[in-house]
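Below you'll find the structure, written out as structure tokens, and then a few comments.
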Number of protein chains: 2
Amino acid sequence: MEDANLNRQPGDATAAASGSPATRIPRATLHDELVGGLRDLIVEGELTPGTRVPERELCTRFGVSRTPLREALKVLASEGLLALLPNRGAQVTGLTTADIDEMFPVMGALEALAGELACARITDEEIAEIRALHYNMVLQYTRRELPEYFRLNQSIHKRILEIAGNATLTRMYAGLAGRARRARYVANMTKARWDQAVEEHEAILDALAQRDGPRLARILKMHLQNKCETVKESLLAESATAPKTDR
Amino acid sequence: MEDANLNRQPGDATAAASGSPATRIPRATLHDELVGGLRDLIVEGELTPGTRVPERELCTRFGVSRTPLREALKVLASEGLLALLPNRGAQVTGLTTADIDEMFPVMGALEALAGELACARITDEEIAEIRALHYNMVLQYTRRELPEYFRLNQSIHKRILEIAGNATLTRMYAGLAGRARRARYVANMTKARWDQAVEEHEAILDALAQRDGPRLARILKMHLQNKCETVKESLLAESATAPKTDR
DNA sequence: CGATTTACTTCTGCATGCAAAATGTTATTG
DNA sequence: CAATAACATTTTGCATGCAGAAGTAAATCG
């Protein structure tokens, strides 16, 4: 139906200028495309927190006019990824440790709920699926393949959310996780933290396999608490090496 | 029906500075004003679910052009209050019992977290404040003053959220509560449900006063479960009397 | 010289314009 | 007379235009 290339009619649609990681997933509508594309730019860190969002530049980048782009900015602002300064445009919000301290307890509560719901609904096949993901993840852990480990880790959490079968829950969690992901803490995770995370994931798998909802909820809540600490450590370490202006 | 024309004047639009604690605060920017105004129209039920949102009409109503109005529509769509149909504009989303079944467990998890956090932070003065709200609410209950009861009820829940001191949590909860409020179940609440709610609120006050976080969490979770049933009953009753077009 | 004022250049926020799609209405056909 | 076709009208989605605010560079003054 639509080209991944977003060329609009008038003459000036300057396609991808400098090397951008690009957005490969074409959404249904231009609006969704822009929201997704911009969100990626923010999460990937291509737009620096604290700096003004270059509206015109992004227009040429995506090959659209300001109207749809600004619509996307408003949406992202409502998600908390941007801050709208009156007469001063949009600004990427930074992640402070205070933000992390707020977000992770909420994510913990949501994941705990997801765990409980999932235990009540999970099929044997799904348990097997999670188990496969888990041991693949453990494999990457032993190989010290951080990126792949991280990807599988995410998959497991995402799959539990899906199994919980609550779209609202999934959406709320995704919103928070999207914001939290900006911290990109993986790079700074210590060995001890990594060991701990894997251990907790063993317990998660176990509780799931036994369909012990309350236990899984407790484990997940704790798991998120530890993740919170990991992210904060990473954030502090990063701000120590690269003292950027945040917010 | 009243006109909500917001006249804009350049240079004058800056916020009403000197901190006046007015109950009705006009939002700082036009964008926020529109988002809030439209959200009210939806929650109040003035825009019927399932029907197309009359873009042009709303423009004249609010006295703005389509650009800022459409920006607001996109935001409300991202909140789930509207659905965007490609080339067919926006449509107010209806609340099905399935939606309710999804939303209330999430709200329960969030309120439970809020209760735990609040117990750890609440001051004696705040306990006294909640107690005052509570017994005022009970008074309205004995008077069968449903609207005022409902308002105070909301105040208590909101206050607990505030005391929890987690802005992210408050925002997420507010988003869900805003959507749920469209059910306007108050009118259809049975006496039994009302009695039960007041009883549970006694327990809430008690747990708060004792700063028993885990207990408060349990109570709130249960409280929300019951609220979920109440809302669904009301929704079914309403759809039986007024069988409108769904979605 | 540093600080302020002034002139100029973006940039933001909103209004308007326009082509394509959707919708509504009348005409036509079997 | 139901169904379809042809046309007119409205609506949507995006581009563009424009006044005013914010930012920037030059000029003036102490």
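Everything quoted here is computed from the prediction, not taken from an experiment. By convention in this document, chain letters (A, B, ...) are assigned in the order of the sequence lines, proteins followed by strands, and residues within each chain are numbered from 1. No hydrogens, no waters, no symmetry mates; every other heavy atom, side chains included, goes into these values.
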Hey, does [X] reach any base, or is it just sugar-phosphate, or nothing, if we go heavy atoms under 4.0 Å?
X	result
R52(A)	sugar-phosphate
R70(A)	base
L73(A)	nothing
L69(A)	nothing

Value in whole Å for how far the [atom2] atom of [N] lies from [atom1] of [X]:
X	N	atom1	atom2	answer
R56(B)	dT23(C)	CZ	C1'	16 Å
L58(B)	dC14(C)	CG	P	17 Å
L34(A)	dG13(D)	CG	C1'	12 Å
E55(A)	dT16(D)	CD	C1'	14 Å

* Asked: Which residue lies toward the 5' end of DNA chain D, P86(A) or R88(B), if each is placed at its nearest nucleotide?
  -> R88(B)
Can you tell whether the side chains of [X] and [Y] come within less than 4.0 Å, N to carboxylate O?
X	Y	value
R182(B)	E44(B)	no
E126(A)	R121(A)	no
E71(A)	R66(A)	no

* Phosphate OP1/OP2 of dA15(C) contacted by S65(B) side-chain N/O (<4.0 Å) -> yes
* What's the closest nucleotide to the N87(A) side chain, out of dG13(C), dA15(D), dA15(C)? -> dG13(C)
* To do: Kindly say whether, by distance alone, the side chain of R66(B) makes a donor-acceptor pair under 3.5 Å with the base of dG13(D)?
  => yes
* Asked: Near K232(B) NZ, under 6.0 Å, is it more than 12 heavy atoms from other residues, nucleotides or ligands?
  -> yes
